[in-house]
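Report on the structure given below.
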Amino acid sequence: MLVYIIRRILYIIPLLIGITFITFGVMHLAPGKAIDQITDMNIKVSSESKARLAEIYGFDKPWYVQYFNWFKRFVILDFGESFKDGRPAIKKIAERLPASLLLNILSLILIFIVALPIGIFSAIKRNSLFDKGMTVLVFLGFSVPTFWLALLLMLLFGLKLGWLPISGLRSLNYSEFSFIFKIIDLARHLVLPVFITAFTSLAGLSRYTRSSMLDIIRQDYIKMAYAKGLPKSRVIFRHAVKNALLPIVTILGLSLPSLIGGGFIFETIFAYPGMGRLGYEAIMARDYPVVMAVGTIAALLTLVGNLLADITYAYVDPRIRYK
Amino acid sequence: MIKKQFFLFAFLLFSVFYSCKSSNKQYGISKQNIPDYGDYFIASSIGDASYLNPILATDNASGTINSLIFNGLVKYDKDIRLVGDLAEKWKISDDGLVITFYLRKNVLWHDGKKFTAEDVKFTFEKLIDPDVRTPYGSDYLLVKKFEIIDPYTLRITYKEPFSPALESWGMGIIPKHIFSNGDFNSHPANRKPVGTGPFVFNEWKTDEKIVLEPNPNYFEGKPYIGKYIFRIIPDQSVEFLELRNESIDEMGLTPDQWRAYPEFFTNYNKFRYPSFSYTYLGFNLEHPLFKNIKFRMALAHAINKQEIINGVLLGMGKISTGPYPPQSWAYNPEVKDYNYDISKSKELLSDLGWKDSNNDGYLDNQGKDLEFTILTNQGNKLRSLTAEIIQSQLKKVGIRVNIRIIEWSAFIHQFIDKGNFEAVILGWSLARDPDQYAIWHSSQRGDGKYNFVSYENRIVDGLLDTGRRTFDQDKRARIYHKIHELIAKDLPYIFLYHPESLVVVHKRLRGPKVEPVGIGWNFHKWWVPKDEQKYKI
């Protein structure tokens, strides 16, 4: 097992380098560069100033040279400075990370709390009204555009009823609040984003739980448990659910990258200062250092998430062993 | 026990959902004339600022904040005339080569240090420093000598007379003592600025808000507003919801937002004024079709500008007749526009040999249909709509127009810069100074330059040269009136419209007034009567 893990970790290194190389290449295929927004069609900027700026940022060199320069710094974990405001890319990410983590962890918890029971009960009462109703509900959440739902709920709870703030993460006078009111203020701002993220992503987990549960309750040992005369609740919760949730552990591992990521549309709508907006705005502005930093960290988390999923799966399911 | 937990839970739930819904308070009633101090002013922007340093900043958000924190030597007053700001007055030598600035005394930086000519010199040195990431260097490279006569007098000698130079000294002056050590491009003061302006920097929460406070030592008096908050709301429809919720005090609207239900704006005053910009249909004058002025005239007669304004801007715009907006002193009110006249247009086209010989509704000549392609950039709805209206208008005279919408940087670098286009729809945002040498002078043709339509008129070239060497505004006005007339006649572009700025400001604020320069020129004098103040300081 240990050898397996070490081998997997070593595999991550070339994979990560490959990913950064491709990301960098793709980014350079996109037309335009970071200074274009400043210099294009701006009569205050002469062609000499344009050339000078391009030189300062290194855009006058071919893209593979630029990649190599980036890579030299990346090896010592230096992600460079953002073209937009000259601040270290890693610092900009660190600034956004807490907000993203807060939102995503809360949403993930809510998703698990809601989706698991939906899945389990849908499987037990298969084809019942509850099952069908839940199917409609979770797919409704899955297919409704987030921004549309967000705007409607903002209109209702923010504007018409005035119960919740419309957008943002904190009130304007947040810093003057006492600790308790700070928590309440944050909570008020988080209600809509968390609810919407959770509602729109219930489908995956609940359907997954349902089908895995369906597989299990057809197994012989469940029949055996019934035959032994165990009460139904005991059969379901002690014997079936435990085994049905094994694949769910994998999902937890795989959702690691989504903890720091975030929908940019979503964060834009809520004026939420998270990672999704940072990444998106960096792409639109061709802010290479930030795009690369966000991309590399997301890639790393995906790879680590996969590894963790495999390891935990082996840990909880004794039938699986890696060599 | 369970009961207690239930109550705790209920209380928490209540406090999360509870908020003091603004009461239906009436604003804008008090007749009070004497300004009161206090209250917040909440502005918003879809993008965050980048550098709070006027030399490095290039985006609108940074520009807005910098203009509240920093001062230039000169500024535009409400009538778009240059007046002193940090400079009390200035003198221009008769040959136009030397500008002497006499600075205000007793101006303090926000940290209490004295402002002197040294700071101006430092700002100048940074602007021309090749290692500084500023795009604004070009105007200052024309300076031959920069001398400090005494701490409050400085003399700037130019290599040649250059009248737009005066405007260039509206650049925000930065403090030497703050930037004297450390790397300029990544200096911490770029996020924690120290200026001389009406507002003092307080706090910047990235992508959330920027907070400013009034400067008690401001040389034109302490602003009345107690706190300026700049909120970042990246989505326009959410920004509009926040406006309806009265959680922002000022917003620039789109024409359809402006025309929304009046009850959205019960507590807002609306302001509408022409912006310093125009949208045009530009032609590649090297292209055989557009080389002929008769053909361009035929197009000009076939395009109904008012219909475009009504369709695209819902009527919120002014017909453009040339490169200057109506509120500029360079605008020539006597310029005659090519009137909308389909029969005249058809006549011109038939003179050029275009007939509809195969009766398909489009003109042709020697078996070739009369058609061309209008290019415009992606992401600008107004421009693509304009293209569609022009397409249908030109169909009436038998011209087939194709529309291609291209991603911005490909559009600029593959098509505009390379002269690889027939016609384009684009717009110019204009400086207040009317010098448009870069757009119209024949020397400015070529890759990456702005006379990409290849306009060439020797008389205009000469006038542009004289215009930027002349300092007297009346003389310059005559020159630019002539330029306006000639360019309008030559039709390198069909000038379509000047969109209007549509701004709403909360009713409790006193002071906003539309002048030729727009609103906001007297922002530090805006105030709110005590009994209408919304936020306690």
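In the text below, chain A, chain B and the rest are named by the order of the sequence lines, each starting its count at 1. A quick note: this is a predicted structure, and the numbers were derived from the prediction, not measured.
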Report the distance from atom CG of B:Asp48 to atom CG of A:Leu278, rounding to the nearest 0.5 Å.
11.0 Å
The interface call for B:Ile412 against chain A, heavy-atom contacts under 4.5 Å, is side chain
Under 4.5 Å, counting heavy-atom pairs only, tell me which of B:Arg191, B:Arg231, B:Glu407 racks up the most with chain A.
B:Arg191
Looking at CD1 of B:Ile233 and OG1 of A:Thr268, how far apart are the two atoms once the value is rounded to the nearest 0.5 Å?
12.5 Å
Evaluate A:Leu172 against B:Lys227 for side-chain contact (heavy atoms from CB on, under 4.5 Å), listing each step before the verdict.
CA-CA 11 Å; A:Leu172 291 175; B:Lys227 210 172 220 179; over 6 Å; no
If you count the non-hydrogen atoms of other residues, nucleotides and ligands that lie under 6.0 Å from OH in A:Tyr57, is the total more than 12?
yes
Would you give the length of the straight line joining atom CD of B:Glu208 to atom CG of A:Leu169, rounded to the nearest 0.5 angstrom?
5.0 Å
Interface moiety of B:Ser62 toward chain A, non-hydrogen atoms closer than 4.5 Å:
neither
Side chain, backbone, both or neither: which part of B:Leu241 has a non-hydrogen atom closer than 4.5 Å to chain A?
both
Could you tell me whether the side chain of B:Pro135 reaches within less than 4.5 Å of the side chain of A:Asn42, counting heavy atoms only?
no
Under a 4.5 Å heavy-atom cut-off, does chain A meet the side chain of B:Ala49, its backbone, both or neither?
backbone
With a 4.5 angstrom heavy-atom cut-off, is it the side chain or the backbone of B:Ile416 that approaches chain A, or both, or neither?
side chain
Indicate yes or no for a side-chain donor-acceptor contact from A:Arg52 to the backbone of B:Asp131 under 3.5 Å, with no hydrogens or angles considered.
no
Of all the heavy-atom pairs spanning B:Ser50 and A:Lys84, show the shortest one and how long it is.
CB-O, 3.4 Å
In plain terms, say whether B:Asp207 and A:Arg96 are close enough for a salt bridge, that is, a side-chain N and a carboxylate O under 4.0 Å apart.
yes
Over 12 non-hydrogen atoms of neighbours within 6.0 angstrom of CD in A:Glu55:
no
Could you look at B:Leu430 and say if it's the side chain, the backbone, both or neither that has a heavy atom under 4.5 Å from chain A?
neither
Is B:Lys192 atom NZ crowded by more than 12 heavy atoms from other residues, nucleotides or ligands, each under 6.0 Å away?
no
Does any heavy atom of chain A fall under 4.5 Å from the side chain of B:Tyr437, the backbone, both, or neither of them?
neither
Can you list the steps and then say if A:Arg170 with B:Lys209 is a side-chain contact (heavy atoms from CB on, under 4.5 Å)?
CA-CA 10 Å; A:Arg170 290 175 265 242; B:Lys209 60 172 180 180; over 6 Å; no
So which heavy atom on B:Tyr51 is nearest to which on A:Phe83, and how close?
OH-O, 4.3 Å
Which portion of B:Tyr40 sits near chain A, non-hydrogen atoms under 4.5 angstrom:
side chain
Check whether A:Lys92 gets within reach of chain B through its side chain, its backbone, both or neither, counting any heavy atom under 4.5 Å.
neither
Cut-off 4.5 Å, heavy atoms of chain A, and the answer for B:Val132 is backbone
Heavy-atom pairs under 4.5 Å with chain B, option from A:Asn173, A:Val45, A:Ile166 with the top count
A:Ile166
Could you tell me if the side chain of A:Glu81 sits less than 4.5 Å from the side chain of B:Asn185, heavy atoms only?
no
Using heavy-atom distances under 4.5 Å, tell me whether A:Glu95 contacts chain B through its side chain, its backbone, both, or neither.
side chain
Does B:Asp129 CG have over 12 foreign heavy atoms under 6.0 Å away?
yes
In this structure, NZ of B:Lys449 is separated from NZ of A:Lys50 (nearest 0.5 Å) by 10.0 Å
CZ (B:Phe264) with more than 12 external heavy atoms under 6.0 Å:
yes
Most heavy-atom pairs under 4.5 angstrom with chain A, which of B:Pro130, B:Ala438, B:Gly137?
B:Pro130
The interface call for A:Ile56 against chain B, heavy-atom contacts under 4.5 Å, is side chain
Quick check for you: among B:Leu426, B:Asp417, B:Leu141, B:Thr134, which has the greatest number of heavy-atom pairs under 4.5 Å with chain A?
B:Thr134
Do B:Glu242 and A:Ser167 pair up side chain to side chain, a donor and an acceptor below 3.5 Å, judged on atom types alone?
yes
Could you pull out the closest heavy-atom pair between B:Ser186 and A:Gly86, with the gap in Å?
CB-O, 4.0 Å
